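Here the structure is laid out as structure tokens; the discussion comes afterwards.
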Amino acid sequence: MTLASFASRVVEWQQREGRSGLPWQQSADPYRVWLSEIMLQQTQVATVLRYYPRFLARFPDVQSLAEAPIDEVLGLWSGLGYYSRARSLHRCAQVVCAVHGGRFPTCAAELERLPGIGRSTAAAIASFCFHEPVSILDGNVRRLLTRHLGFDADLSKARNVDALWQRAQTLVPIEEPTSMPRYTQGLMDLGAMICTPRRPRCAACPLAGDCRAYASGEPERLPMRRLALARQSRQLWLLWLERPDGATLLQRRPARGIWGGLHCLPAFDSLDALRDAAHRGWGLTGAGQTESPRVHRLTHLDLTLQPVRWCLVPPGAPQFLDGADWYLPAQWERLGLPAPIRVWLQDSARSRSVDLAMPHERRPAAAIP
DNA sequence: AATGCGTGGGG
DNA sequence: TCCCCAAGCAT
């Protein structure tokens with residue numbers, strides 16, 4: 001008995017076993033699909049499920065998103081990571097409204113010209129919404145295809161990735177474009193549910209019959225492991241000032257780099273730089289109260305976050321710290337904040353409210369500068 | 001073309 | 001705990 005085509009096995013398996021209840025699968029509205037694809041870049045489904053409904057409720061269509069202030073967009077994105085996605089999302093919405101009359105382009109080539117939409121995301125949207133026979137090539141497909149084809153070339157080389165893109169494109173069901181949504185979804189589902197990085201469930205895979213990696217008996221050997229990157233270390237000194245009314249000093253971070261565009265405690269590369277700012281800005285004296293540092297692990301970086309606080313803060317806006325301002329909890333809650341900063345501020349606000357509720361209880365002693 | 005960009009799930 | 005890596009893209 002001969003095997004059905006690669007594509008038809010993917011499509012039939014998706015129909016039987018694939019995922020169908022995810023919120024962004026309930027409509028072929030390009031806006032909803034686009035939003036989900038951007039959120040899902042390098043981000044697991046379980047995580048996106050906590051953000052997508054809230055975001056969509058606030059921004060139900062591309063116009064509402066385009067008109068929104070960027071800080072509100074970043075606020076709803078806060079915690080999802082890779083914040084350049086949120087800034088590109090916002091710009092993309094504005095381009096779609098201003099240039100395309102509020103309707104997304106209907107082919108992958110045009111979609112790819114928009115901010116934040118690369119080749120794979122363009123193909124996902126075009127195949128889901130417009131049945132265009134173009135292949136995605138995300139982490140799932142990369143793993144599934146390298147295994148199925150026995151593709152052992154080094155994927156850190158662009159030419160090998162190009163070759164894999166070509167192989168992926170030759171497998172799409174161009175005779176049945178109406179099955180493209182299910183085909184694309186099936187590739188993603190197989191990668192996420194069957195062809196997993198560790199201990200793939202080959203016995204349940206509709207593609208095992210002609211899978212080179214399965215035949216080899218060691219499917220986990222593909223794709224070729226990227227060499228472990230030595231993680232660098234960086235230290236950020238954070239100026240943490242709270243006014244008596246509970247407002248916290250925050251500063252918008254530059255658009256480029258880590259936490260770009262988010263609000264954050266004013267950050268410095270050294271304790272000297274932080275103290276200099278505190279002394280010149282407020283006439284604060286002494287060393288400040290150095291809190292216990294926290295290591296924030298990113299994929300390629302160990303960030304040691306080291307807050308320094310002063311208890312007595314003169315009133316007034318800091319003119320010398322560009323863009324820095326005071327935010328009450330009700331205000332900063334809605335801003336985009338780095339995840340560890342939000343945790344810190346929340347803990348502080350919580351203990352503060354306990355203090356206020358029990359004014360006669362023992363309060364922490366004021367630090368001596 | 002190599003690198004930077006977040007956070008958290010899961011083994 | 002530690003490590004891998006996720007519906008990638010921009011520069």
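Below, chains carry the letters A, B, ... as their sequence lines are ordered, and counting in each starts from 1. The model shown is predicted, which means the values in this text are computed figures rather than measured ones.
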Quiz prompt | Given DNA chain C, 5'-ward residue of the pair Gly116(A) and Asp189(A), judged by closest heavy atom | solution = Asp189(A)
Quiz item: With a 4.0 Å cut-off, would you call Arg221(A) and Asp152(A) a salt bridge?
Solution: no
Quiz item: dC9(C) P sits how many Å from Ile38(A) CD1, rounded?
Solution: 7 Å
Quiz item: What is the distance from CG of Leu49(A) to P of dA6(C), rounded to the nearest Å?
Solution: 18 Å
Exercise. Please report the shortest heavy-atom distance between Asn160(A) and Ala153(A), naming the atom on each side.
Key: CG-CB, 3.5 Å
Practice problem: Grab the CG-P distance between Leu187(A) and dA6(C) for me, whole Å please. | Solution: 15 Å
Self-check item: Qualifying residue for ring-ring contact (aromatic ring centres under 6.0 Å, His included) with Trp24(A), from Tyr31(A), Trp34(A), Phe55(A), Tyr52(A)
Solution: Tyr52(A)
Practice problem: Could you give the distance separating dG8(B) and dC9(C) at their P atoms, to the nearest angstrom? | Solution: 22 Å
Quiz item: Between dG4(B) and dA7(C), how far is it from one P atom to the other, in whole Å?
Solution: 23 Å
Quiz item: Any salt bridge between Arg159(A) and Asp162(A), counting N to O under 4.0 Å?
Solution: no
Practice problem: Look at the side chain of Arg142(A) and the base of dA6(C), then say whether one donor and one acceptor between them are separated by less than 3.5 Å. | Solution: no
Quiz prompt | Residues that Arg198(A) engages under side chain to side chain contact (heavy atoms under 4.5 Å, CB included), provided they are two or more places apart | solution = Glu220(A), Arg225(A)
Quiz item: Atom CD1 of Ile125(A) and atom P of dC9(C): how far apart are they, to the nearest Å?
Solution: 9 Å
Quiz item: Taking protein heavy atoms under 4.0 Å as touching, what does nucleotides 2-11 of chain B look like 5' to 3' if B marks base contact, S marks sugar-phosphate-only contact and - marks none?
Solution: S--BBBBS--
Quiz item: Nearest-Å distance, CE (Met180(A)) to P (dA7(C))?
Solution: 18 Å
Quiz item: Expressed in angstrom and rounded to an integer, what is the separation of Gln185(A) atom CD from dA7(C) atom C1'?
Solution: 9 Å
Practice problem: Would you please say whether a donor-acceptor pair under 3.5 Å links the side chains of Ser270(A) and Asp272(A)? | Solution: no
